There are 2 protein chains.
Amino acid sequence: MVQFVHPATKDITLAGVLSALADPIRLQIVRGLLQESGCLSCTAASPCPTIAKSTLSNHFRVLREAGLIQTSKKGVEHQNAVRAADIEARFPGLLMAILQSSVAEAGA
Amino acid sequence: MVQFVHPATKDITLAGVLSALADPIRLQIVRGLLQESGCLSCTAASPCPTIAKSTLSNHFRVLREAGLIQTSKKGVEHQNAVRAADIEARFPGLLMAILQSSVAEAGA
DNA sequence: TTCAATAGTTCGGAAGTATGGGACTATTGA
DNA sequence: TCAATAGTCCCATACTTCCGAACTATTGAA
């Protein structure tokens, strides 16, 4: 049975998006989610295995509250997906610009 | 006599840019600087007169360290300018996307 | 049904960060 | 030389972030 949990924020704010993605770990989580067809459990989406579970949970909470991801629960796992369409509707071009900058930085 | 002070960061990082602009006051400072032909003193660029001088000074330090602005000293005032070309060279499209999102948010 | 395993959340303390008041520096103009 | 102005520096308080430990919820097996 799949059910939505932790309903994501209704109103996505710019400050929320920027401060959420200002953290390199959260940015990598979002990048990972978009690459992997957009659905991963929390631990699977972790960019670094040494991060404490509680810290990771906190990062996902921040991403949810910023309206960047939506989480549904399937069995014991949580499935996380980027709300790409909602973000694009609210702030056209923003997410892509940030992700491209992230690629540019990694490539440098 | 004009002289450069507080040399701005050499390497502009994405995390630095995002966390600097995640603060609404700093984002408004950058918007204000770009509107007013890009040069304003610290107090003139303050979006809100009730902010403490020390807090404002701190915001400008963050913007400088993120590489977003350059500060030169002319007499008793500091002149601040957005390093638009440097930012564009490092992260094409990023600053414009953020500023347009800011306008979109304010208009909503 | 009971028990263990797994996935996340919540709590609390330690460490880091932001805010603003007051003292300080530097420049100008009287 | 003195007062005024623009910013910076320092410090105390308040707020965040990180992690370990305890907790909840779901599944699957004995």
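Reminder, nothing fancy here: chain letters follow the sequence lines and each chain counts from 1. From a predicted model like this one, the values you see are computed outputs, not experimental measurements.
Between Asn80(B) atom CG and dG7(D) atom P the separation is 7 Å, expressed in whole Å. Residue Lys73(B) contributes atom NZ, which lies 13 Å from atom P of dT25(C) at whole-angstrom precision. What separates CD of Gln79(A) from P of dT26(D) is a distance of 15 Å, to the nearest Å. We find that CZ of Arg61(A) is positioned 11 Å from P of dC11(C), with the value rounded to whole Å. In this entry the distance linking NZ of Lys74(A) with C1' of dG28(D) reads 16 Å, nearest Å. Taking atom CD of residue Glu77(A) and atom C1' of nucleotide dG28(D), one finds them 15 Å apart after rounding to whole Å. Rounded to a whole Å, the CD atom of Glu65(A) is 10 Å from the P atom of dT17(D).
The residues Glu65(A) and Arg61(A) are annotated as salt-bridged, a charged nitrogen and a carboxylate oxygen being separated by less than 4.0 angstrom.
Residues His78(B) and Ser41(B) fail the side-chain proximity criterion, which asks for heavy atoms closer than 4.5 Å. Side chains of Leu40(A) and Asn80(A) form no contact here, defined as non-hydrogen atoms less than 4.5 Å apart. You'll find the side chain of Ile12(A) reaches within 4.5 Å of the side chain of Arg83(A), heavy atoms only.
Side-chain nitrogen and oxygen atoms of Arg64(B) include at least one within less than 4.0 Å of the OP1 or OP2 phosphate oxygen of dT8(D). Distances shorter than 4.0 Å separate some side-chain N or O of His78(B) from OP1 or OP2 on dT8(D).
Base pairing in DNA chain C yields stems of at least 3 consecutive Watson-Crick or G-U pairs, both distances under 3.5 Å, namely C:1-30 with D:1-30.
For residues 25-34 of chain B, the side chain to side chain donor-acceptor pair (under 3.5 Å) pairs, not counting sequence neighbours, are Arg26(B)-His59(B), Arg31(B)-Ser102(B).
Arg64(B) contributes no side-chain N or O that, together with a main-chain N or O of Ile69(B), makes up a donor-acceptor pair within less than 3.5 Å. Side-chain atoms of Ser19(A) come within 3.5 Å of backbone atoms of Ala15(A) as a donor-acceptor pair (strictly under, hydrogens ignored). Counting only distance, with no hydrogens or angles, the side chain of Gln79(B) and the backbone of Lys73(B) share no donor-acceptor pair below 3.5 Å. A donor-acceptor distance shorter than 3.5 angstrom exists from the side chain of Ser101(B) to the backbone of Ala97(B), with no hydrogens or angles considered.
Near DNA chain D, meaning a heavy atom under 4.0 Å away, the residues from residues 46-60 of chain A are Ala52(A), Ser54(A), Thr55(A), His59(A).
Nearest-nucleotide mapping onto DNA chain C: of Thr43(A) and Ile25(B), the residue sitting toward the 5' end is Thr43(A).
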